Structure formats: structure tokens, C-alpha cells
Novice: 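Let me begin by handing over the structure; questions about it come next.
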There are 2 protein chains.
Amino acid sequence: MVDIFERTGKIAIGRRLRLLSQQLTDDSSKIYQLYGIEGFLPKWFPVFFILHQDGEQTITRIAEHIGHSQPSVTRSIKEMAKVGLVKDNLKSKDKRKNVVGLTDKGMIISQKILNELSSDANNVVDLMIAQAQHNLWEAIKEWEKLLEQKSLHKRIQEQKKQRESKYIKIVSYQAEYKSAFKSLNEQWVSTYFEMEESDYKYLDHPEKNIIEKGGKILVALYKDQPMGVCALIKTEDPEYDFELIKMAVSPEAQGKNIGYLLGKEIIKVAKELGASKLFLESNRVLKPAVNLYHKLGFTEISTRPSPYKRADIQMELAL
Amino acid sequence: MVDIFERTGKIAIGRRLRLLSQQLTDDSSKIYQLYGIEGFLPKWFPVFFILHQDGEQTITRIAEHIGHSQPSVTRSIKEMAKVGLVKDNLKSKDKRKNVVGLTDKGMIISQKILNELSSDANNVVDLMIAQAQHNLWEAIKEWEKLLEQKSLHKRIQEQKKQRESKYIKIVSYQAEYKSAFKSLNEQWVSTYFEMEESDYKYLDHPEKNIIEKGGKILVALYKDQPMGVCALIKTEDPEYDFELIKMAVSPEAQGKNIGYLLGKEIIKVAKELGASKLFLESNRVLKPAVNLYHKLGFTEISTRPSPYKRADIQMELAL
DNA sequence: AAAAGTTATATAACTGGTTATGCAAAAGTA
DNA sequence: TACTTTTGCATAACCAGTTATATAACTTTT
């Protein structure tokens with residue numbers, strides 16, 4: 001039964017933790033009985049503890065302290081009030097607040113729990129930790145910290161990108177990629193805007209209008225399929241050497257870092273061509289694209305005339 | 001919020017584990033999305049995994065494999081069937097059985113999960129383990145094993161006994177314990193049986209009928225209160241030197257090992273008095289008592305005549 | 001072959017938590 | 001002072017599991 005975890009591997013670490021925690025908490029009501037504490041539900045412990053240590057306080061306050069939701073505390077308090085461990089609705093100026101405190105009966109039980117049960121439990125756990133080679137308590141603390149720094153989701157996303165980057169190759173334009181170069185760009189342009197004359201100029205005749213004019217086209221292959229493209233053209237503007245245009249990544253291949261890899265590579269190419277400053281145009285609606293350009297080091301500049309209607313942001317990068 | 005655990009101490013290790021496991025599983029639906037797996041609930045994973053690995057099988061079989069309850073699997077299967085990942089009620093001679101298998105759609109998704117997601121997750125967890133000083137995965141395994149050997153409940157019980165044994169003192173009879181000697185015995189005898197003449201002989205005149213005849217009375221004090229007694233009297237029977245009588249422990253002080261400590265001490269005393277064989281009588285209704293005698297090393301013997309009506313078991317111990 | 005027992009499953013109800021929502025009271029602001 | 005926003009709480013509904021129980025279908029015993 002346990003060896004399901006050996007079979008599924010560490011992806012099931014969450015489940016395995018839950019199972020272990022369940023094993024531990026399942027015993028707990030029996031343990032309270034051991035100490036002659038009748039009618040006390042183990043789940044009340046955190047609420048009880050905080051009331052004993054910090055005294056009377058409101059429900060929301062308790063919830064914050066113990067890291068539970070407020071409705072969960074409300075329910076516990078109700079249950080505890082029913083068996084007379086706690087009294088609620090204590091005097092308070094603010095009528096929204098429900099100030100809660102231990103009753104005398106609650107005090108007596110809390111003495112017992114904290115002096116006897118709690119200290120025995122502590123010793124037992126310490127003993128178990130000592131019997132094991134790997135310290136569970138410390139390991140939990142470390143994991144809490146690690147997850148605080150970076151969520152599991154984020155970590156897996158990165159891992160995925162890294163694995164997939166092995167399937168990504170950035171290559172120079174060749175005739176066989178002509179249709180991909182057009183369709184990838186057409187796809188996103190027509191989703192957000194309308195195709196313009198300038199678009200057709202480059203997409204229909206890339207060799208003539210880009211490469212033969214001293215520009216460059218890069219293609220990103222994912223598992224040997226063209227999934228992203230971008231191009232560099234010489235500008236007339238004397239301030240810039242090249243303009244970055246026609247950056248496009250297939251929606252199917254999103255999240256694989258293809259845009260970034262293309263960008264990095266095209267910047268490298270520009271440097272090799274002797275460029276010292278790059279220019280590009282985009283639209284603020286395309287947030288992921290603008291983010292990507294920022295990530296690549298581009299900075300916004302005040303707008304100058306553009307051949308594209310859709311352009312509402314211009315950026316530059318000094319190499 | 002987290003430091004509630006530093007305050008409550010290790011008694012809350014179960015809760016802390018649950019919280020950590022929750023943090024891990026909360027992310028999981030987002031993670032499935034990352035891989036383009038839509039409409040798959042992470043809780044289905046174990047069922048899915050086992051169907052992929054071991055092929056078609058019945059619901060109960062799956063439940064056993066993955067260590068969940070049968071109703072839980074029944075529900076998962078229903079949900080998965082609804083979205084077409086699984087087909088149930090496959091042909092089977094035994095009409096009670098519900099044989100379940102993956103559909104083609106299920107197969108495709110399971111490929112994706114097991115080849116990509118699962119391996120990325122494994123790598124991420126391994127990386128996190130490597131970043132931590134204390135290996136969480138191994139620590140969990142060790143705890144599972146430790147708990148299998150001895151439950152938390154049992155461990156805490158032992159710890160409690162040990163702590164309390166510090167408050168227990170075994171002392172020789174003195175006049176001040178006369179009333180305790182009588183009342184402790186009276187209490188249990190009259191609960192199960194009726195007081196007999198023999199009882200009054202020893203309980204009303206312990207000095208005269210026990211001590212002055214070469215016997216011995218021990219009293220167990222718990223926090224300086226007499227909570228247990230037992231006595232040794234010389235027997236007429238030449239085969240035995242002494243008989244163990246009037247063993248009684250207050251119900252309030254049960255579970256503190258007092259009976260065992262009294263027994264051990266009285267045996268030691270008997271040895272010092274030069275005894276080589278002890279005798280005692282009891283009744284099978286008093287299971288904890290008979291257990292205690294066994295634990296002390298006594299063995300049953302075939303019955304001989306007794307002055308007590310209530311005796312139906314006799315035991316001896318060779319020193 | 002009938003009766004009794006066992007097995008496989010579905011269903012219902014509970015558990016210890018959660019999020020979502022609505023309402024009243026208090027606080028802030030025009 | 002009236003209006004809007006915020007706060008504190010209760011309630012409802014959900015979630016992923018559980019145990020308990022009923023029922024039908026098989027198997028074993030008499």
C-alpha cells in the first residue's frame with residue numbers, strides 16, 4: 001500500500017505528506033483520552049492554545065494567529081462554547097467584535113494539556129526525530145522556506161522550460177521556412193489588428209526585402225517544426241542600425257521561452273553585424289510581447305512617425 | 001503565521017505536515033494547466049496512474065493499490081467517466097465487479113502526464129531535496145516505518161508513564177496508611193464481589209495479621225498520596241514461602257504503571273526474605289490484574305482449595 | 001437446493017477544513 | 001451630517017477525503 005509512492009515517484013510527495021499527517025492526527029483523540037481529557041476535540045487545540053497564551057481576543061485575531069480561516073475559528077468557538085470551555089460575546093465597545101476567552105473549566109483543561117500532554121508529545125516527537133536519520137521537523141521548516149521563496153508551480157514551470165529548450169533550435173532563414181514566416185505573423189496580426197501593406201512587403205518577399213537588403217531572419221524550431229520567427233532590417237534612420245520586426249511565436253508553443261531565445265539570438269547577430277543600437281515598434285495591447293522586449297533590455301522611447309497604424313510604443317536597445 | 005508552530009512546539013507536527021501538504025497540492029491544478037491538460041482533477045492522479053501501469057481492474061483493486069477507501073475510488077471513477085477519460089462496467093463474468101479501464105483519450109493524457117509532468121515534478125522535488133539540509137522524502141519514509149513499529153498513541157502512553165513514575169514512591173507500611181490499605185481494597189472488591197471474612201481479617205488488623213506474622217505490606221505513593229497497596233503473607237503450604245495478597249490500585253491512578261512497580265518491589269522484598277516460590281489467587285474477571293501477574297512472571301497452576309469464594313485462578317512464581 | 005456467509009459496489013452521512021457572500025457596525029470623507 | 005468604504009462575523013456551500021450501511025451477486029455449508 002505504501003509502495004504506491006515508490007512507484008509514482010516524488011510527484012506524489014504532497015499526498016504522502018497528507019497521509020502521514022493523517023496518521024498522526026488520527027491518534028490524537030485517543031491521546032487526549034489518555035490524559036482524562038473528555039469531550040475535547042483535538043482540532044480545537046490551536047484555538048485553545050492561543051486563548052491560553054494570549055488571553056481574550058476576537059475571532060479574526062485568533063484566525064490570523066493560528067493561520068486558519070475565520071469561519072473555521074467561528075465554528076470551533078461555537079463548539080467549544082457549547083461544552084463550556086469558552087465564553088464568547090464578552091463586553092466590547094465595538095459591537096462587531098466577538099471577544100472570546102477561556103472559562104474556568106477551560107483554564108483547568110488547558111493547564112493539563114499544556115503541562116502534561118504537550119510536554120509528553122514534545123518529548124516523543126523529539127525522540128522519534130532522534131531515532132530517524134533525517135530530521136522531519138527541520139526538513140518541513142526548510143520546505144516551508146523554499147516554497148515561500150518560489151512556489152512549486154514556478155519551479156515546475158522553469159523545469160519544463162529547461163527540458164523543452166533542448167528541443168528548441170534557432171536557425172537562419174531558408175526557403176523552406178517562407179510559408180511559416182508568413183503564417184506565424186499573419187496569425188497574430190490578424191487576431192489583434194488588420195494586415196497592412198508593410199506587412200505584405202516583408203512577409204511575401206522576405207529574401208528580396210529583408211535578406212538582400214542586409215537584414216537577417218531567424219527561425220525557432222521546436223522538435224524540428226518552425227514555431228517562431230523574427231527579423232532584423234536595416235533602418236534609414238541614422239540613429240539606429242537595425243530595426244527588429246516580425247517577431248512571432250505560435251500560440252501552441254507559448255510558454256517554452258521561444259520568444260526570449262529568438263530575441264537573445266537576434267541581438268547577438270546584430271552585434272556581429274556591427275550594430276550599436278536597435279529599434280522596434282509594438283503595441284501596448286500585446287503585453288507579453290512588450291514584457292519580453294523589456295526582459296531583453298529594450299527601453300521605451302518617445303514616439304516617432306511609424307509606417308504601421310498599429311504601433312503605439314517604440315523601444316530601443318543600446319548594444 | 002508560521003511561527004504558531006514554534007510557539008506550540010512539536011505537538012503540532014501533524015498540523016504542520018497537513019499545511020505543507022496542502023500548499024503542495026494547492027498548486028497542482030495550475031501545474032496540470034501548464035501542460036495543457038484541461039479538465040483533469042489532480043486528485044485523480046493515483047487512480048489514473050494505476051490504470052495506466054497495471055491496466056484494467058476493479059474498483060476495490062484500485063482502492064487497495066493506492067491506499068484510498070473504496071467509495072473514494074468509486075467517486076473518482078464516476079467523475080473520470082463523465083469526462084471520457086475512463087470506461088467502466090467493462091465485461092466481466094462476476095456481475096458484482098465493475099472493471100474499469102482507460103479510454104483512448106485517457107491513454108493520450110496519461111502519456112503526457114507520465115512522460116512530461118511526472119518527470120519534471122520528480123526533478124523539481126529532487127532539486128528541492130538537494131537544496132535542503134534535511135531530506136524530507138527520506139524523513140517521511142522513516143516516520144512511516146517508525147509509526148508502523150509503534151503508534152504515536154503508544155509512544156505517548158509510555159512517555160507519560162515514565163514521567164509519572166518520577167512521582168511514584170514505593171514505601172513500607174506505616175500506621176498512617178492503615179485506612180488507605182483498607183479502602184483501596186474495599187473499593188475494588190465490592191465493585192466486583194462481596195467482602196468476605198478473610199478480607200476483614202487482613203484489612204482491619206494488618207499489623208497483627210500480616211506484619212507481626214512475618215509478612216510485609218508495601219504502599220505506592222503518587223505525589224505523596226497512597227494510591228496502591230499490596231501485601232505478602234507467610235503461607236502454611238510448605239510448597240510456597242509467601243502468598244501475594246491485597247493488591248489494589250486506585251482507579252484514579254490507573255495507567256501509571258503503579259501495579260507493576262508494586263509487584264516488582266514486592267518480589268524483590270520476597271527474595272530478600274529468602275523466598276524461593278510465591279503464590280497468589282485471583283479471578284479471571286479481573287483481566288488487567290491477571291495480565292499484570294503474567295507480566296510479573298507468574299504462571300497459572302491447577303486450582304487448589306481457597307479461603308476465598310471469588311478465587312478462580314491461582315498462580316505461582318519461582319524466584 | 002436452501003440457508004448462511006462473503007464480496008463488490010453504491011450511496012449516505014460525516015469531518016475538518018476551505019472560499020464566497022451578505023449584513024451590520026464602525027470609520028473615513030465630502 | 002450624510003455617503004462611502006472598511007471591518008468583523010456568521011452563514012452557506014463546497015472539497016477531498018472518510019466511515020457506516022444497504023443491496024445485489026457470488027460462494028460455501030448444511
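In the text below, chain A, chain B and the rest are named by the order of the sequence lines, each starting its count at 1. Atoms considered below: every heavy atom in the structure, side chains included; atoms not considered: hydrogens, waters and symmetry mates. What you see is a predicted model, and the numbers here were worked out from it, not measured in a lab.
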Novice: Whole angstroms only, please: what is the CD-P distance between A/Gln22 and C/dG17?
Specialist: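 Rounding to the nearest Å, CD of A/Gln22 and P of C/dG17 are 12 Å apart.
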Novice: Expressed in angstrom and rounded to an integer, what is the separation of B/Trp44 atom CH2 from D/dC15 atom C1'?
Specialist: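 That distance rounds to 14 Å.
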Novice: When you check the phosphate oxygens OP1 and OP2 of C/dT9, does a side-chain N or O of B/Thr60 lie under 4.0 Å from one of them?
Specialist: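 Yes.
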Novice: Using the side-chain heavy atoms of A/Ser69, tell me which of these nucleotides is nearest: C/dT18, D/dT19, C/dG17.
Specialist: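 In terms of side-chain proximity for A/Ser69, the closest of C/dT18, D/dT19, C/dG17 is C/dT18.
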Novice: OP1, OP2 of C/dG17 versus side-chain N and O of B/Arg15: anything below 4.0 Å?
Specialist: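 The answer is yes; a side-chain N or O of B/Arg15 sits under 4.0 Å from OP1 or OP2.
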Novice: Assuming nearest nucleotide by heavy-atom distance, tell me which of A/Arg61 and B/Glu79 is located more 5' along DNA chain D.
Specialist: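 It is A/Arg61 whose nearest nucleotide is closer to the 5' end.
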Novice: Write down the atom of B/Leu152, the atom of A/Asp27, and the distance for their closest heavy-atom approach.
Specialist: N-OD2, 3.4 Å
Novice: Expressed as a whole number of angstroms, how long is the span from B/Asp26:CG to D/dC15:P?
Specialist: 14 Å
Novice: With sugar-phosphate meaning primed atoms plus P, OP1 and OP2, does A/Thr25 contact a base, only sugar-phosphate, or nothing at under 4.0 Å between heavy atoms?
Specialist: nothing
Novice: Without decimals, in angstroms, what is the distance between B/Ile62 CD1 and C/dA8 C1'?
Specialist: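 To the nearest whole Å, that distance equals 13 Å.
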Novice: For a side chain to side chain contact (heavy atoms under 4.5 Å, CB included) with B/Asn122, tell me which candidate from B/Val124, B/Asp126, B/Asp120 qualifies.
Specialist: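 It is B/Asp126, the one option of B/Val124, B/Asp126, B/Asp120 that forms the side chain to side chain contact (heavy atoms under 4.5 Å, CB included) with B/Asn122.
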Novice: Whole Å only: how far is the NZ atom of A/Lys93 from the P atom of D/dG8?
Specialist: 16 Å
Novice: Carefully, step by step, assess B/Arg155 and B/Glu158 under the rule salt bridge (charged side-chain N to carboxylate O under 4.0 Å, His left out).
Specialist: CA-CA 5 Å; B/Arg155 285 169 194 269; B/Glu158 287 176 3; over 6 Å; no
Novice: Under a 3.5 Å distance rule, please check whether B/Lys87 uses its side chain to pair with a backbone N or O of B/Ala81 as donor and acceptor.
Specialist: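 Side chain of B/Lys87 to backbone of B/Ala81: no pair is present.
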Novice: Distances for protein N/O vs nucleotides 10-15 of chain C N/O pairs under 3.5 angstrom?
Specialist:
from, atom 1, to, atom 2, distance (Å)
C/dA10, OP1, B/Asn98, ND2, 3.0
C/dA10, OP2, B/Thr74, OG1, 3.2
C/dA10, N7, B/Gln70, NE2, 2.7
C/dA10, N6, B/Gln70, OE1, 3.3
C/dT11, OP2, B/Lys78, NZ, 2.7

Novice: Return the value, rounded to whole Å, for the distance between atom NE2 of B/His68 and atom C1' of C/dT9.
Specialist: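 It works out to 18 Å between those atoms.
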Novice: Does anything in residues 72-86 of chain A form a side-chain hydrogen bond (donor to acceptor under 3.5 Å, both in side chains)? List the pairs, not counting sequence neighbours.
Specialist: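 Matches after skipping sequence neighbours: A/Lys43-A/Glu79, A/Trp44-A/Glu79, A/Gln70-A/Thr74.
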Novice: Applying ring pair (Phe, Tyr, Trp, His ring centres under 6.0 Å), can you list everything that pairs with B/Phe48, at least two apart in sequence or on another chain?
Specialist: B/Phe40
Novice: Restricting to non-hydrogen atoms, name the atom on B/Ile13 and the atom on A/Leu24 that form the minimum distance, rounded to 0.1 Å.
Specialist: CG2-CD1, 4.0 Å
Novice: How close or far is atom C1' of C/dT7 from atom CD of B/Glu64, stated in whole angstroms?
Specialist: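 In whole Å, C/dT7 C1' and B/Glu64 CD are 11 Å from each other.
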Novice: Report the distance from atom CZ of A/Arg18 to atom P of C/dG17, rounded to the nearest whole Å.
Specialist: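 Distance, rounded to whole Å: 14 Å.
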Novice: Need to verify one output field. Residue with the more 5' nearest nucleotide on DNA chain C, A/Arg96 or A/Ser72?
Specialist: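 Of the two residues, A/Ser72 wins.
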